[in-house]
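For reference, the structure discussed in these notes is given below.
Sequential numbering from 1 along the given sequence is applied to the chain's residues.
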Amino acid sequence: MDLEYLFTLLLLLLSGMVAFSISTLTAGGGALLLVPILNLLIGVNSTAPVLNAGNLLGRPVRLVLYWHHISWRAVLWYAPFAVLGALGAGFLFSRANLPVLQLIVGLFLVSTVFQYRWGKKERSFPMTFPLLAPLGVVISAIGTLIGAGGPLLNPFYLNLGLSKEALIATKTANSFFMGLAQIGSYTYFGLMSTVEWHQALALGIGISAGNYLGKKVLHKVSDLSFRKWAIAFMVISGLMLIGQAIG
């Protein structure tokens with residue numbers, strides 16, 4: 001391994017640690033933070049596979065940290081359908097119009113600031129657990145295609161009335177099962193090389209460290225502040241996606 005390659009792996013590790021420390025306090029979005037960084041470091045075509053693989057490797061730490069807060073009812077409604085969406089998206093990866101998809105997702109995320117009035121409203125629309133089934137197919141497919149779909153779930157989980165710990169724990173459990181399907185899909189269609197597995201491992205180590213650091217701070221944050229930060233980050237994520245789509 002040359003020095004440039006090792007330096008890239010180190011940057012991936014540090015980026016994962018910083019992004020997922022922030023992600024814990026904003027109900028997700030660490031993956032979206034990493035998208036432009038990975039685009040720069042490893043190229044657009046490798047970003048989604050490496051990001052999802054690294055995220056999967058970092059999830060066991062978060063699962064252990066939040067195990068007792070998981071809403072298993074939400075997992076049972078969401079996870080099986082998310083697996084189907086992830087498998088289908090692997091086939092569409094080379095055929096999808098990613099800029100248009102990024103633009104649509106970005107506009108939806110920006111709209112959440114008006115839906116929740118900057119966090120003053122606890123809920124913005126009626127939401128039930130069975131609705132997680134079709135959402136699982138759609139959101140996991142989007143996440144597989146653009147490399148990050150986590151913030152898209154936040155409005156739906158907030159409208160279920162989940163606490164900050166339960167929201168993070170449940171998203172992590174759902175994402176773990178979806179991630180297994182994503183990696184299987186990427187591998188089957190030949191999208192993961194040895195180099196990309198090395199990159200994913202470095203990123204996963206950083207993400208694991210970030211999850212641990214974020215948990216140390218989360219219990220000091222009030223539910224209102226958590227909701228405001230989550231909404232603010234959804235808006236920022238949306239603007240980032242819109243910028244990338246236009247660019």
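In this structure, N154 and I231 have side chains that are not in contact, with every pair of non-hydrogen atoms separated by 4.5 Å or more. By the 4.5 Å heavy-atom criterion applied to side chains, V113 and M234 are not counted as neighbours. With a 4.5 Å cut-off on side-chain heavy atoms, Y212 and R62 do not count as touching. Looking at L12 and L38, their side chains come closer than 4.5 Å, going by heavy atoms from C-beta outward. Using a 4.5 Å cut-off on side-chain heavy atoms (C-beta onward), V35 and L51 make contact. You'll find the side chain of F177 stays beyond 4.5 Å of the side chain of P80, heavy atoms only. Contact annotation: the side chain of I37 never approaches that of L11 to less than 4.5 Å [non-hydrogen atoms, C-beta and beyond]. Two residues are said to be in side-chain contact when any heavy atoms from C-beta on lie closer than 4.5 Å; Q102 and I242 fail this criterion.
A continuous path of hydrophobic side-chain contacts links L160 to W77 [ILVMFWY only; heavy atoms under 4.5 Å]. L33 and W229 fall into different hydrophobic clusters, where Ile, Leu, Val, Met, Phe, Trp and Tyr side chains are chained together by heavy-atom contacts under 4.5 Å. Linking ILVMFWY side-chain heavy atoms closer than 4.5 Å, directly or via other members, places V235 and I246 in a single hydrophobic cluster. Cluster membership for V75 and F81, using ILVMFWY side-chain heavy atoms within less than 4.5 angstrom, is not shared. Residues I139 and L131 share a hydrophobic cluster, clusters being chains of Ile/Leu/Val/Met/Phe/Trp/Tyr side chains in contact below 4.5 Å.
In this structure a side-chain-to-backbone donor-acceptor pair under 3.5 Å is missing from N211 to S21. Remark: side-chain polar atoms of S23 are not paired, donor with acceptor, to backbone N or O of A19 under 3.5 angstrom. Between the side chain of S140 and the backbone N or O of V83, no donor-acceptor pair lies under 3.5 Å. Counting only distance, with no hydrogens or angles, the side chain of T47 and the backbone of G43 share a donor-acceptor pair below 3.5 Å.
When all heavy atoms of V221 and F226 are compared, the closest pair comes out as CG1-N, 3.7 Å. Heavy atoms only, all atoms of each residue included: M127 and L132 are closest at CE-CD2, 3.7 Å. Smallest separation of non-hydrogen atoms from L109 and L241: CD1-CD1, 4.2 Å. Between L103 and A245 the shortest heavy-atom distance is N-CB, 3.8 Å. Closest approach of A74 to T170, counting heavy atoms only: CB-CG2, 3.6 Å. For L56 against P60, the heavy-atom pair with the smallest separation is O-CD, 3.2 Å.
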Could you go through F108 and I104, starting from their C-alpha distance and side-chain angles, then the distance that decides it, and tell me whether this counts as side chain to side chain contact (heavy atoms under 4.5 Å, CB included)? CA-CA 6 Å; F108 172 75; I104 294 170; 5.9 Å; no
Is there a side chain to side chain contact (heavy atoms under 4.5 Å, CB included) between Y78 and L153? Walk through the geometry before answering. CA-CA 11 Å; Y78 183 87; L153 268 175; 3.5 Å; yes
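Separating the CG atom in L9 from the CG atom in L14 is a distance of 11.0 Å, to the nearest 0.5 Å. To the nearest 0.5 Å, the span separating CG on L76 from CH2 on W72 amounts to 8.0 Å. Atoms CG and CD1, from L213 and I22 in turn, are 11.5 Å apart once rounded to the nearest 0.5 Å. Atom CG in L65 sits 10.5 Å away from atom CG in L218 (nearest 0.5 Å). Annotation: the span from N39 atom CG to L34 atom CG amounts to 10.5 Å, rounded to 0.5 Å. For the atom pair CG (L25) and CZ (F20), the distance works out to 13.0 Å, reported to the nearest 0.5 Å.
Residues passing the ring-ring contact (aromatic ring centres under 6.0 Å, His included) test with F156, sequence neighbours excluded: F125. Considering only residues two or more places apart in sequence or on other chains, K164 meets the salt bridge (Lys or Arg N to Asp or Glu O under 4.0 Å) condition with D223.
Environment of CZ in F7: sparse, with no more than 12 heavy atoms of neighbouring residues, nucleotides or ligands closer than 6.0 Å. Counting heavy atoms of neighbouring residues, nucleotides and ligands inside a 6.0 Å radius, atom CH2 of W67 does not exceed 12 of them.
Between the side chains of N174 and Y157, at least one donor N or O sits under 3.5 Å from an acceptor N or O.
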